[in-house]
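What follows is a short report on a single structure.
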Amino acid sequence: LAFVSLYRVGDVLALTLSHPMWDARGYSLDQIGVADGFVALPASLLGVALGGWMAARWRLGAALAAGAAIAALGNWSYVWLWLTPPEGWVLFASVAVDQFGNGLAGTVFVVYLSMLVNPRYPAAQYALLSGFAFLLARLLAGASGTMEKVIGYDGFFLLTGAVTLAAVALLPFATRLAPRAPDA
């Protein structure tokens with residue numbers, strides 16, 4: 001449960017302050033609109049496709065680790081965005097890396113959660129696990145504005161990337177779990 005709780009915390013926290021940071025950095029609504037639509041959607045879809053391929057071809061632990069690393073890079077790309085003068089291509093590149101990482105990590109995570117559930121009760125168990133996966137993230141998201149005021153946008157996005165990578169430390173324990181077989 002600790003791994004399930006930590007794996008997506010950084011991404012959810014980053015989501016809460018990415019748009020306010022873009023606004024604070026001085027990006028126009030047109031630039032933000034292009035980043036949110038024309039850049040984010042294809043990048044996310046590419047991440048989902050690669051995440052699905054990785055989950056099918058790689059060991060699940062390796063795919064989860066790669067997803068966490070790429071998602072952390074996406075969060076850290078916002079540190080670069082904050083420290084760089086506002087230019088459209090910087091925003092687009094940051095959003096592309098972030099959304100690619102979110103799509104990849106999210107896909108691999110769904111496969112992992114699906115492997116944990118008992119085939120006799122998949123809906124109830126998956127709902128419980130996925131709800132639990134975002135509980136800590138949603139609780140912490142309420143404090144994200146306060147965290148940003150204390151450590152700044154750059155410190156906040158450094159922290160979200162580090163929290164995402166912290167889940168990798170739990171992978172040796174999380175991947176010991178074998179897929180559940182149906183009860184006879």
Side-chain angles (χ1 to χ4, degrees), residues 1-19 22 34-81 91-119 122-138 140-141 157-180:
L1 289 178
F3 176 76
V4 168
S5 292
L6 278 180
Y7 192 74
R8 297 306 306 263
V9 167
D11 296 335
V12 173
L13 286 177
L15 180 63
T16 61
L17 286 186
S18 58
H19 286 75
W22 301 343
V34 169
D36 259 351
F38 293 113
V39 175
L41 181 61
S44 182
L45 290 174
L46 283 172
V48 167
L50 183 59
W53 180 85
M54 288 170 58
R57 304 276 185 192
W58 292 15
R59 288 179 304 109
L60 192 54
L64 285 164
I70 294 169
L73 283 175
N75 291 355
W76 291 333
S77 73
Y78 289 139
V79 175
W80 170 62
L81 176 92
L91 175 64
F92 303 150
S94 295
V95 169
V97 172
D98 180 52
Q99 290 303 305
F100 177 80
N102 286 344
L104 192 150
T107 301
V108 174
F109 190 60
V110 165
V111 170
Y112 175 73
L113 292 181
S114 298
M115 301 284 291
L116 293 178
V117 300
N118 185 316
Q125 289 180 0
Y126 188 85
L128 180 67
L129 281 172
S130 62
F132 190 79
F134 293 97
L135 178 64
L136 178 62
R138 295 292 178 199
L140 292 175
F157 287 102
L158 280 171
L159 176 66
T160 62
V163 169
T164 298
L165 276 184
V168 174
L170 298 173
L171 269 175
F173 306 105
T175 55
R176 283 188 198 165
L177 300 174
R180 301 285 308 235

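None of the values given here were measured: they were computed from a predicted structure.
The shortest non-hydrogen separation linking Pro119 to Pro122 is O-CD, 3.1 Å. When all heavy atoms are compared, the tightest approach of Val168 to Ala68 is CG2-CB, 3.6 Å. When all heavy atoms of Met54 and Ala66 are compared, the closest pair comes out as CE-CB, 3.3 Å. The two residues Val48 and Thr107 have their closest heavy-atom pair at CA-OG1, 3.3 Å. Contact between Ala93 and Trp80 at its shortest, heavy atoms only, is CB-CZ3, 4.1 Å. Residues Ala55 and Val111 share a closest heavy-atom pair of CB-CG2, 3.8 Å.
Side chain of Tyr78 to backbone of Leu17: no donor-acceptor contact under 3.5 angstrom is found. Under the 3.5 Å distance criterion, the side-chain polar atoms of Ser44 are left unmatched by any main-chain donor or acceptor of Ala40.
Among residues two or more places apart in sequence or in another chain, the ring pair (Phe, Tyr, Trp, His ring centres under 6.0 Å) test is passed with Tyr7 by Phe3, Phe109. Applying the side-chain hydrogen bond (donor to acceptor under 3.5 Å, both in side chains) test to Asn102 and every residue at least two apart in sequence or in another chain returns nothing. Residues passing the side chain to side chain contact (heavy atoms under 4.5 Å, CB included) test with Ala96 are Val39, Ala43, sequence neighbours excluded.
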For this session: Could you give me the CA-CA distance, side-chain angles and deciding distance for Leu45 and Leu41, then say whether side-chain contact (heavy atoms from CB on, under 4.5 Å) is met?
Result: CA-CA 6 Å; Leu45 290 174; Leu41 181 61; 4.1 Å; yes

For this session: Would you please test Val12 and Thr160 for side-chain contact (heavy atoms from CB on, under 4.5 Å) and show each step?
Result: CA-CA 9 Å; Val12 173; Thr160 62; over 6 Å; no

Exercise. Would Leu64 and Leu171 satisfy side-chain contact (heavy atoms from CB on, under 4.5 Å), going step by step from the backbone distance to the final call?
Worked result: CA-CA 8 Å; Leu64 285 164; Leu171 269 175; 3.8 Å; yes

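Side-chain contact check for Pro42 versus Leu46: every heavy-atom pair is 4.5 Å or farther apart. Leu113 has its side chain out of reach of Val117: every pair of non-hydrogen atoms, C-beta onward, lies at least 4.5 Å apart.
To the nearest 0.5 Å, atom CG of residue Asp98 and atom CD1 of residue Ile70 are 12.0 Å apart. Note that CG of Asp11 is 9.0 Å distant from CD of Gln99, once rounded to the nearest 0.5 Å. If you take CG on Asn75 and OG on Ser94, they are separated by 11.0 Å, rounding to the nearest 0.5 Å. To the nearest 0.5 Å, atom CZ of residue Phe157 and atom CG of residue Leu81 are 8.5 Å apart. Note that CZ of Phe132 and CG of Leu1 are 4.5 Å apart. Values are rounded to the nearest 0.5 Å. Atoms CH2 and OG1, from Trp76 and Thr164 in turn, are 8.0 Å apart once rounded to the nearest 0.5 Å.
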